[in-house]
Amino acid sequence: MRYPLVIGNWKLNGSRHMVSELIAVLRNELSIVTGCDVAIAPPMVYLDLAQYHLSGSQIALGAQNVDTHLSGAFTGEVSAEMLKDIGAKYIIIGHSERRTYHKESDAFIAEKFAVLKEVGLIPVLCIGESESEKKAGQTEIVCAHQIDAILNRLGKKAFESSVIAYEPIWAIGTGKFSAPKQAQAVHKFIRDYIAKHDAVVAEQVIIQYGGSVNTGNAAEMLTQPDIDGVLVGGASLKAETFAVIVKETAKAKLA
Ligand code: 13P
């Protein structure tokens with residue numbers, strides 16, 4: 001059985017004050033919530049502080065990026081071993097914002113995926129099509145291509161103990177929310193595609209949906225059988241809002 005997972009991706013937002021305040025409220029709101037794994041991914045510079053405030057709670061720590069190298073002369077980078085050292089668990093890679101603004105290629109993202117597996121961290125691989133690709137009917141081709149980069153690098157078991165986040169680019173930060181049935185169809189395609197390589201891995205891989213998820217639309221999305229959780233951007237920056245999404249996820253998946 002797949003356990004639901006909600007991750008808050010803070011992107012380039014936050015402060016020391018926000019880290020301590022948000023986590024305090026979140027711990028309180030979620031203290032009796034069961035049935036859903038939860039993580040927050042603040043900016044790198046706040047990870048250690050976040051881990052300090054999360055200690056003893058059920059909320060896990062995530063990060064938004066990782067370098068492909070484990071150590072050495074790579075100025076400005078953060079390694080998978082360092083992320084593991086400070087207690088991070090889920091590492092977001094392949095986000096469309098990094099693919100676009102930092103020109104990250106599928107091959108580079110596959111290297112990041114490999115290094116995370118090597119040190120025992122959980123990759124959260126973001127995939128998804130742009131608006132024009134969607135209009136051209138290329139959603140499945142784009143997702144398959146992004147998945148292939150990982151399978152070609154790491155083999156058919158690549159997605160064992162891993163997370164995929166389907167984030168249609170046109171839905172990120174735009175308020176445009178994919179129709180749940182439409183998102184379910186893509187999630188099913190992704191799972192079936194992985195099943196062609198390894199049915200057991202496909203059955204257990206967690207596939208999150210991301211893109212303009214909020215308190216008003218999460219519940220319906222989560223009733224879909226292949227949508228195992230959500231990757232939340234903007235709505236994760238308020239503890240109360242994020243907590244509602246976590247509670248709705250747990251409820252929808254228990255039903
Ligand atoms: P929004 O929820 O702000 O649309 O962001 C989604 C996202 O990119 C999460 O990684």
**Request:** Applying side chain to side chain contact (heavy atoms under 4.5 Å, CB included), run through Ile122 and Ser161 and close with a yes or a no.
**Result:** CA-CA 7 Å; Ile122 302 178; Ser161 306; 5.6 Å; no
**Message:** For a 4.5 angstrom cut-off between non-hydrogen side-chain atoms, does Cys126 reach Leu231?
**Reply:** yes
**Item:** Euclidean distance, His197 NE2 relative to Ile194 CD1, rounded to 0.5 Å
**Value:** 9.0 Å
**Request:** Is it possible for you to say whether Ile227 and Ile169 belong to one hydrophobic cluster, with membership spreading through side-chain heavy-atom contacts below 4.5 Å?
**Result:** no
**Request:** Taking atom types as modelled, find out whether Glu129 and Tyr166 have a side-chain donor-acceptor pair closer than 3.5 angstrom.
**Result:** yes
**Asked** Do you know which two heavy atoms are closest between Ile150 and Ala110, and how far apart they sit?
**Response** CD1-CA, 3.7 Å
**Prompt:** Distance from Ile86 atom CD1 to Glu81 atom CD, nearest 0.5 Å?
**Reply:** 13.5 Å
**Prompt:** Is any side-chain heavy atom of Lys156 closer than 4.5 Å to a side-chain heavy atom of Val201?
**Reply:** no
**Message:** Quick check: do Val33 and Lys251 have side-chain heavy atoms less than 4.5 Å from each other?
**Reply:** no
**Prompt:** Got a second to check how far Ile40's CD1 is from Ile7's CD1, nearest 0.5 Å?
**Reply:** 11.0 Å
**Request:** State, yes or no, whether a side-chain contact exists between Thr139 and Gln182 at a heavy-atom distance under 4.5 Å.
**Result:** no
**Fill in**
Tightest non-hydrogen contact, residues Ser178 and Met221, listed as O-CE, 3.4 Å
**Prompt:** Judged by atom type as modelled, is there a donor-acceptor pair below 3.5 Å linking the side chain of Asn217 to the main-chain atoms of Glu220?
**Reply:** no
**Message:** One pair to check against side chain to side chain contact (heavy atoms under 4.5 Å, CB included): Ile23 and Ile59. What are the steps and the verdict?
**Reply:** CA-CA 9 Å; Ile23 293 173; Ile59 305 162; 5.5 Å; no
**Message:** Are Val78 and Leu83 packed together at the side-chain level, in the sense that at least one heavy-atom pair is separated by less than 4.5 angstrom?
**Reply:** yes
**Request:** Using a 4.5 Å cut-off on heavy atoms from C-beta on, say whether the side chain of Tyr209 contacts that of Gln184.
**Result:** no
**Prompt:** Which value, rounded to the nearest 0.5 Å, describes the distance between Met18 atom CE and Leu49 atom CG?
**Reply:** 12.0 Å
**Prompt:** Would you say Glu29 and Val246 make side-chain contact, with heavy atoms under 4.5 Å?
**Reply:** no
**Complete:** Between the NE2 atom in His102 and the CZ atom in Phe108, the distance rounded to the nearest 0.5 Å is 10.5 Å
**Prompt:** Got a salt bridge between Glu203 and Arg191, using NZ or NE/NH1/NH2 to carboxylate O under 4.0 Å?
**Reply:** no
**Asked** Would you call the rings of Phe113 and Phe159 parallel, tilted or perpendicular if under 30° counts as parallel and over 60° as perpendicular?
**Response** perpendicular
**Message:** Strictly distance-based, threshold 3.5 Å: is any side-chain N or O of Asn28 a donor or acceptor partner for the main-chain N or O of Val25?
**Reply:** no
**Message:** Once rounded to the nearest 0.5 Å, what's the spacing between atom SG of Cys36 and atom CD of Gln58?
**Reply:** 11.5 Å
**Message:** Please tell me whether Val244 and Leu237 are part of a single hydrophobic cluster in this structure, the criterion being side-chain heavy atoms less than 4.5 Å apart.
**Reply:** no
**Message:** Using a 6.0 Å cut-off, check whether atom CZ of Arg2 has over 12 heavy atoms from anything other than its own residue.
**Reply:** yes
**Asked** If you group Ile, Leu, Val, Met, Phe, Trp and Tyr by side-chain heavy-atom gaps below 4.5 Å, do Ile245 and Ile206 land in one group?
**Response** no
**Prompt:** Charged N to carboxylate O under 4.0 angstrom, Glu160 versus Lys117?
**Reply:** no
**Message:** Tell me whether Lys103 contacts the main-chain N or O of Thr100 through its side chain, where contact means a donor paired with an acceptor under 3.5 Å.
**Reply:** yes
**Request:** Would you name the heavy atoms of Gly8 and Ser236 that are closest together and state the gap between them?
**Result:** CA-CB, 3.5 Å
**Request:** Treating Ile, Leu, Val, Met, Phe, Trp and Tyr as nodes and any side-chain heavy-atom pair under 4.5 angstrom as an edge, say whether Ile92 and Tyr46 lie in one connected cluster.
**Result:** no
**Asked** Is it true that Val66 and Tyr90 fall in one hydrophobic cluster, defined by side-chain heavy atoms closer than 4.5 Å?
**Response** no
**Asked** Going by atom types only, do Glu167 and His95 share a side-chain donor-acceptor pair under 3.5 Å?
**Response** yes
**Prompt:** Do Leu70 and Val115 pass the side chain to side chain contact (heavy atoms under 4.5 Å, CB included) test, and can you show the C-alpha distance, the side-chain angles, and the key distance before you say yes or no?
**Reply:** CA-CA 8 Å; Leu70 286 179; Val115 81; 3.6 Å; yes
**Prompt:** For Ala80 and Val119, which heavy atoms make the closest approach, and how far apart are they?
**Reply:** CB-CG2, 3.5 Å
**Asked** Tell me, do Leu22 and Trp10 make a side-chain contact under 4.5 Å, heavy atoms counted?
**Response** yes
